[in-house]
Number of protein chains: 2
Amino acid sequence: MGDKPTLNPRHNKAEVFARLRDAHAREVTEDYVEMIGDLINEEGEARSVALAERFGVTAATVNNTIKRLERDGFVTSRPYRSIFLTEKGETLAKKCRDRHQIVYNFLVSIGVDPDTAEFDAEGIEHHVSEETLRVFESAISS
Amino acid sequence: MGDKPTLNPRHNKAEVFARLRDAHAREVTEDYVEMIGDLINEEGEARSVALAERFGVTAATVNNTIKRLERDGFVTSRPYRSIFLTEKGETLAKKCRDRHQIVYNFLVSIGVDPDTAEFDAEGIEHHVSEETLRVFESAISS
DNA sequence: TTTTAAAGTTAGTCAAGGCTAAATTGATTT
DNA sequence: AAATCAATTTAGCCTTGACTAACTTTAAAA
């Protein structure tokens, strides 16, 4: 009768939740590099004050986060100067931008109101696997 | 010419991110009440050790979280005894269970592999608005 | 009934991601 | 050149959610 199964598979959720916690840890990083990329495109540079305004947090919080991003190799910055994406940050930003767009377009394509889609996409994008993303893509172009 | 607009609307994301942070703060609570409900249904009671195993965290972490849930009125517990949902916890658990099922069914219905759907649903469910959830529902039953 | 194993608790640590208040720097005006 | 103002940084605090290690309680076995 095959191997002893690992109990009821429905009970083996630990891995799912571990991956969920990982996704969590990446969310802020992804939102920041995406936003920094947007700012550079739209305004020519990314300043702390603009990030703080767009995320709705204080300048001190932005400062903390930028330090972490710098430590992790996603951005470079010099005191009192604007923030730049590294190669690594650029790559992640592009990936996030594309993914966001796909999720947003998909939601709109199935009939979700654009404003709601914009909000939901912001939360959903960090939790969509590559596979699901491809299903979304197919659905849009059909 | 109408009111002075609040700059470019695309730049006014602060509210989106504030709501996102709120959703974040609710995620663990939702996962726990949902899991506690499942355990009570499946095994007759919810013990710390089972929660720890299913979430893949230590008993100490479960203990912390249960204290918080108790403080917030979602569960009751007595030392060395099993955990119970309050009315409030029960209500939230049901809402989460239903929502999870809709997201899961929707993903499967558009062609996502059930295992992937199970994983993605766990992350997505916390970020789906009521409106999008209703769109998902309609999509399933058609 | 005593021992032992499993379950639960407590204490202490850490990182992330928020905050406020105060200090500093850079840029603009006078 | 000095004063001022906006932007940035620093310091210190908080909660959440994770951990380990050590301890206590409960339940089961001997």
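- Nucleic acid contact for A:Val62: none, since no nucleic acid atom lies under 4.0 Å from a heavy atom of the residue.
- Distances from the side chain of A:Thr61 to the nucleotides C:dG18, C:dT20, D:dA18 place C:dG18 closest.
- Both B:Ala50 and A:Thr58 lie close to DNA chain C; mapped to their nearest nucleotides by heavy-atom distance, the more 5′-ward contact belongs to B:Ala50.
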Worksheet item: Going through the distances and angles, do B:Phe55 and B:Tyr32 end up as a ring pair (Phe, Tyr, Trp, His ring centres under 6.0 Å)?
Response: CA-CA 9 Å; B:Phe55 285 124; B:Tyr32 268 70; 4.4 Å; yes

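- Here the nucleotide nearest the side chain of A:Val49, chosen from C:dT10, D:dT8, C:dG18, is D:dT8.
- Among residues two or more places apart in sequence or in another chain, the salt bridge (charged side-chain N to carboxylate O under 4.0 Å, His left out) test is passed with B:Lys67 by none.
- Within the 4.0 Å cut-off from OP1 or OP2 of C:dG8, not a single side-chain nitrogen or oxygen of B:Asn63 is found.
- D:dT10 atom P lies 14 Å from atom CD1 of A:Ile66, rounded to whole Å.
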Only distances under 3.5 Å count here; give the side-chain donor-acceptor pairs of residues 126-135 of chain A to other protein atoms, sequence neighbours excluded, each with its distance to 0.1 Å.
from	atom 1	to	atom 2	distance (Å)
A:His126	ND1	A:Glu30	OE1	2.7
A:His126	NE2	A:Asp31	OD1	2.9
A:His127	NE2	A:Glu27	OE2	2.8
A:Ser129	OG	A:Thr132	N	3.3
A:Ser129	OG	A:Thr132	OG1	3.2
A:Ser129	OG	B:Asp120	OD1	3.4
A:Ser129	OG	B:Asp120	OD2	2.8
A:Glu131	OE1	B:Thr116	OG1	2.5
A:Glu131	OE2	B:Asp113	N	2.9
A:Thr132	OG1	B:Asp120	OD2	2.5

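- Closest to the side chain of B:Ser48, out of D:dT8, D:dC19, C:dT9, is C:dT9.
- Here A:Ser77 pairs with A:Ile66, A:Glu70, A:Ile83 under the side chain to side chain contact (heavy atoms under 4.5 Å, CB included) rule; sequence neighbours left out.
- Checked against C:dG18, D:dT9, D:dC19, the side chain of A:Ala59 finds its nearest nucleotide in D:dT9.
- When the nearest nucleotides of DNA chain D are assigned to B:Asp72 and B:Val57 by heavy-atom distance, the more 5′-ward of the two goes with B:Asp72.
- Here salt bridge (charged side-chain N to carboxylate O under 4.0 Å, His left out) pairs that include residues 75-91 of chain A, with residues two or more places apart or in two chains, number zero.
- Scored by the salt bridge (charged side-chain N to carboxylate O under 4.0 Å, His left out) test, A:Asp72 finds no partners at all (sequence neighbours excluded).
- For the contact set between residues 74-86 of chain B and DNA chain D, defined by any heavy atom under 4.0 Å, the members are B:Tyr80, B:Arg81.
- Annotation for A:Leu85 and A:Ala93: closest pair CD1-CB, 4.1 Å, computed over non-hydrogen atoms.
- Atom-to-atom, CG of B:Asp22 to C1' of D:dT16 comes out at 14 Å; the value is rounded to the nearest Å.
- The interatomic distance linking B:Leu69 (CG) with D:dT15 (C1') rounds to 15 Å, in whole Å.
- Residue B:Asp31 contributes atom CG, which lies 10 Å from atom P of D:dA18 at whole-angstrom precision.
- Pairing each heavy atom of A:Val108 with each of A:Ala117, the nearest pair is CG2-CB, 3.8 Å.
- With sequence neighbours excluded, the residues satisfying salt bridge (charged side-chain N to carboxylate O under 4.0 Å, His left out) with B:Glu118 are A:Lys13.
- OP1 or OP2 of C:dA7 has not a single side-chain nitrogen or oxygen of B:Arg47 nearer than 4.0 Å.
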Got a list of protein N/O to nucleotides 11-15 of chain C N/O distances below 3.5 Å?
none

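- Remark: A:Lys67 is not in phosphate contact with C:dA16, judged by side-chain N or O atoms under 4.0 Å from OP1 or OP2.
- One can place CD of B:Glu27 at 11 Å from P of D:dA18, the figure rounded to the nearest angstrom.
- By the salt bridge (charged side-chain N to carboxylate O under 4.0 Å, His left out) test, B:Lys94 is found to be paired with B:Asp98, residues two or more places apart in sequence or in another chain being considered.
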